[in-house]
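Single-structure report; data block below.
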Amino acid sequence: MSMRRTSKVLGLGIAVGVVLAVIFRALVLDPARWIGDDSLVLLASDDCAFSNDLYQQIRATPRLAERVQVVPIDGGHSDRPTVRMMCGTALAQLRNRGVWQLRLLPDNWACGALIAFGNETHTKHFLYYPAWMKGPQPLEDGDLLPALAERGLQYDGKTNTLWFLGEELPASRRESLTMRAVDDDNPLSHAVGHTIGW
């Protein structure tokens with residue numbers, strides 16, 4: 001085989017390898033593909049009591065976990081137990097939805113990729129927690145309730161509660177609403193908390 005032919009074959013092999021690597025990265029390694037275009041996504045940070053509370057509701061209620069995908073944000077602290085737990089929940093949700101890419105990837109790598117995706121997405125689109133998305137698109141406050149209703153859910157901001165359309169606000173959360181009424185005398189306590197994620 002001539003030197004010229006060898007270099008062409010080698011060049012073609014490298015080009016094919018690069019193309020396959022790009023396809024593999026786009027189809028397998030991109031967390032946005034794992035989540036899907038129509039998923040309702042909660043970007044949850046353990047630094048935010050509101051998003052952590054929503055995460056705990058989703059984690060404790062399989063029917064909610066079927067409808068709301070958790071994506072963790074770590075604020076640079078991916079070693080925190082709560083962040084690792086959020087990541088475990090998120091990966092379990094994706095596996096339950098049949099995301100085949102996760103069969104090819106180690107959990108630690110997949111978790112890191114999901115956290116990096118959550119951090120980047122939050123930094124790019126949001127100034128507050130909890131943050132919501134429909135697929136890759138950020139949801140503004142006015143779009144959240146209709147997006148939840150599409151999935152048979154409703155949300156009460158005062159009690160930070162997710163529950164199902166046609167059902168009453170859970171009794172434990174109604175008590176929490178009564179307790180929070182005291183704070184309503186100070187409008188800043190509620191508004192500031194939601195804006196910066198206290």
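Throughout, residue positions are numbered sequentially from 1 according to the sequence presented.
Considering Trp132, Tyr129, Tyr128 as possible partners of His122, the one that fulfils the ring-ring contact (aromatic ring centres under 6.0 Å, His included) test is Tyr129.
Residues Leu139 and Ala147 come closest through the heavy atom pair CD1-CB, 3.7 Å. When all heavy atoms of Leu91 and Leu114 are compared, the closest pair comes out as CD2-CD2, 4.3 Å. A pairwise comparison of heavy atoms in Val71 and Gly118 identifies CG1-CA, 3.7 Å as the closest pair. Nearest heavy atoms, Pro31 versus Ala113: CG-O, 3.5 Å. Listed here is the closest heavy atom pair of Arg97 and Ala65: NH2-O, 2.9 Å. Here the closest heavy-atom approach between residue Val68 and residue Ile58 is recorded as CG1-CD1, 3.6 Å.
With sequence neighbours left out, the salt bridge (charged side-chain N to carboxylate O under 4.0 Å, His left out) criterion links Glu120 to no other residue. Residues forming a ring-ring contact (aromatic ring centres under 6.0 Å, His included) with Phe117 (at least two apart in sequence, or on another chain): none.
Distance check, rounded to the nearest 0.5 Å: CG of Asp53 to SG of Cys48 gives 9.0 Å. The CZ atom of Arg173 lies 9.5 Å from the CG atom of Asp156; values are rounded to the nearest 0.5 Å. Atom-to-atom distance recorded for Gln154:CD and Phe164:CZ is 10.0 Å, nearest 0.5 angstrom. Rounding to the nearest 0.5 angstrom, the gap separating the OH atom in Tyr155 from the CG atom in Leu144 is 7.5 Å. Distance check: Lys134 NZ to Glu150 CD gives 3.5 Å after rounding to the nearest 0.5 Å. Here Leu94 contributes atom CG and Trp100 contributes atom CH2; the two are 13.5 Å apart, rounded to the nearest 0.5 Å.
Ile35 is connected to Phe126 through a chain of hydrophobic side-chain contacts under 4.5 Å among Ile, Leu, Val, Met, Phe, Trp and Tyr, so both are in one cluster. By the rule that hydrophobic residues join a cluster once side-chain heavy atoms approach within less than 4.5 Å of another member, Ile115 and Val41 end up as members of separate clusters. Leu145 and Leu165 fall into different hydrophobic clusters, where Ile, Leu, Val, Met, Phe, Trp and Tyr residues are linked whenever their side-chain heavy atoms come under 4.5 Å apart, directly or through other members. In the hydrophobic clustering of ILVMFWY residues, with side-chain heavy atoms under 4.5 Å counting as a link, Met86 and Leu162 come out together. Residues Leu148 and Leu64 share a single hydrophobic cluster, defined by chaining ILVMFWY side chains whose heavy atoms lie under 4.5 Å apart.
Listed by first and then second residue, the side-chain hydrogen bond (donor to acceptor under 3.5 Å, both in side chains) pairs that reach into residues 83-94 are Tyr55-Thr89, Gln69-Gln93, Arg84-Asn108, sequence neighbours excluded.
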Test log, rule side chain to side chain contact (heavy atoms under 4.5 Å, CB included), inputs His125 and Gln137 = CA-CA 9 Å; His125 297 291; Gln137 299 303 316; over 6 Å; no
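Of the possible polar contacts, none joining the Ser39 side chain to the Gly135 backbone as a donor-acceptor pair under 3.5 Å is found. Without hydrogens or angle criteria, Asp47 side chain to Asp74 main chain gives no donor-acceptor distance under 3.5 Å. A donor-acceptor pair is defined here as one N or O able to donate and one able to accept, closer than 3.5 Å; such a pair exists between the side chain of Thr161 and the backbone of Thr159. Judged by distance alone, the side chain of Gln57 and the main-chain N or O of Asn160 form a donor-acceptor pair under 3.5 Å.
A salt bridge links Arg63 with Glu167: the closest approach of a Lys/Arg side-chain nitrogen to an acidic carboxylate oxygen falls below 4.0 angstrom.
Asp46 and Asn52 share no side-chain donor-acceptor pair at under 3.5 Å.
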